[in-house]
Amino acid sequence: MTAWNPQGERQDRRRNEAAQARLRAELIGWPQREGVNGEAEWAEPSLIVLDLPLHRAAELGARFDQAAVLWGVGRRAALVWCRPLRLERCWLRRDAGRYTSLP
């Protein structure tokens, strides 16, 4: 989950960092890990939030003007489109030390 670059529109670093700090504040009490969303020029700091309910994740994504969030349980993952709420599910497998989705 990230608050960077709402709706895929680039924001300056200061604005992105402020939005990410607000997201962290919303998630106080939920175990979190640091992550990265995207690659190369679109690599954005993200949070891996443990045990966050699906609808809460979608609600936060929408509030921070994100098109979607990635949500998962075990080896199941879903791309959750925030407006309107819609799931795209996939199964993950470990491939050369990384998780990839099965077709």
Side-chain angles (χ1 to χ4, degrees):
M1 178 174 292
T2 187
W4 279 57
N5 300 319
Q7 292 299 315
E9 298 291 325
R10 285 215 185 267
Q11 304 292 313
D12 65 51
R13 183 171 192 87
R14 193 183 93 244
R15 185 174 290 187
N16 280 326
E17 288 174 346
Q20 193 76 354
R22 288 190 307 274
L23 175 61
R24 274 186 202 285
E26 290 283 339
L27 293 166
I28 288 175
W30 295 99
Q32 304 168 29
R33 305 288 184 272
E34 297 292 325
V36 175
N37 177 43
E39 298 178 313
E41 66 185 52
W42 277 101
E44 303 170 341
S46 65
L47 298 171
I48 300 165
V49 185
L50 306 177
D51 302 322
L52 190 67
L54 172 64
H55 283 88
R56 177 77 169 129
E59 181 266 327
L60 282 170
R63 188 170 344 143
F64 284 89
D65 209 18
Q66 298 295 307
V69 296
L70 185 63
W71 181 87
V73 174
R75 293 181 179 221
R76 294 175 290 163
L79 183 63
V80 180
W81 295 96
C82 299
R83 290 187 186 130
L85 180 63
R86 182 171 52 97
L87 304 178
E88 290 182 23
R89 295 185 180 138
C90 66
W91 295 97
L92 300 178
R93 68 175 174 170
R94 194 161 182 103
D95 185 21
R98 295 179 62 175
Y99 282 101
T100 58
S101 62
L102 296 172

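For reference, positions follow the sequence shown, starting with 1.
Trp81 is linked by a side chain to side chain donor-acceptor pair (under 3.5 Å) to Glu88, counting only residues two or more places apart in sequence or in another chain.
In this structure, Leu23 CG and Phe64 CZ are separated by 5.0 Å, a value rounded to the nearest 0.5 Å. Atom CH2 of Trp30 is separated from atom CG of Leu50 by 10.0 Å, given to the nearest 0.5 angstrom. Separating the CG atom in Leu52 from the CD atom in Gln32 is a distance of 9.5 Å, to the nearest 0.5 Å.
A continuous path of hydrophobic side-chain contacts links Leu60 to Val73 [ILVMFWY only; heavy atoms under 4.5 Å].
The pair Glu17-Arg14 does not meet the salt-bridge criterion, since no charged nitrogen lies less than 4.0 angstrom from a carboxylate oxygen.
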Please test Gln20 against Trp4 for side chain to side chain contact (heavy atoms under 4.5 Å, CB included), starting from the C-alpha separation and ending with a verdict.
CA-CA 7 Å; Gln20 193 76 354; Trp4 279 57; 3.5 Å; yes
Passes side chain to side chain contact (heavy atoms under 4.5 Å, CB included), Leu27 versus Leu47? Steps please.
CA-CA 10 Å; Leu27 293 166; Leu47 298 171; 3.9 Å; yes
Stepwise, does the side chain to side chain contact (heavy atoms under 4.5 Å, CB included) test hold for Gln66 with Gln7?
CA-CA 5 Å; Gln66 298 295 307; Gln7 292 299 315; 5.8 Å; no
Could you go step by step and tell me if Glu9 and Arg15 meet the salt bridge (Lys or Arg N to Asp or Glu O under 4.0 Å) rule?
CA-CA 12 Å; Glu9 298 291 325; Arg15 185 174 290 187; over 6 Å; no
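A donor-acceptor pair is defined here as one N or O able to donate and one able to accept, closer than 3.5 Å; no such pair exists between the side chain of Thr2 and the backbone of Glu44. The backbone N or O of Asn16 sits nowhere less than 3.5 Å from a side-chain atom of Asn5 that would complete a donor-acceptor pair.
Taking both residues in full, the closest heavy atoms of Ala43 and Val36 are given as CB-CG1, 3.9 Å, listed atom of the first, atom of the second, then distance. Taking all atoms of both residues into account, the shortest heavy-atom contact from Cys82 to Ala58 is SG-O, 3.7 Å.
Side-chain atoms of Arg56 and Glu26, non-hydrogen and from C-beta on, do get closer than 4.5 Å to each other. In this structure, Arg83 and Asp65 have side chains that are in contact, with non-hydrogen atoms separated by less than 4.5 Å. Under the 4.5 Å side-chain criterion, counting only non-hydrogen atoms from C-beta, Val80 is not in contact with Leu70. In this structure, Pro53 and Trp71 have side chains that are not in contact, with every pair of non-hydrogen atoms separated by 4.5 Å or more.
In the displayed structure, Arg63 atom CZ is contacted under 6.0 Å by more than 12 heavy atoms of other residues, nucleotides or ligands.
In this structure, Arg10 satisfies the cation-pi test against Trp42, with its NZ or CZ atom closer than 6.0 Å to the six-membered ring centre and inside 45 degrees of the ring normal.
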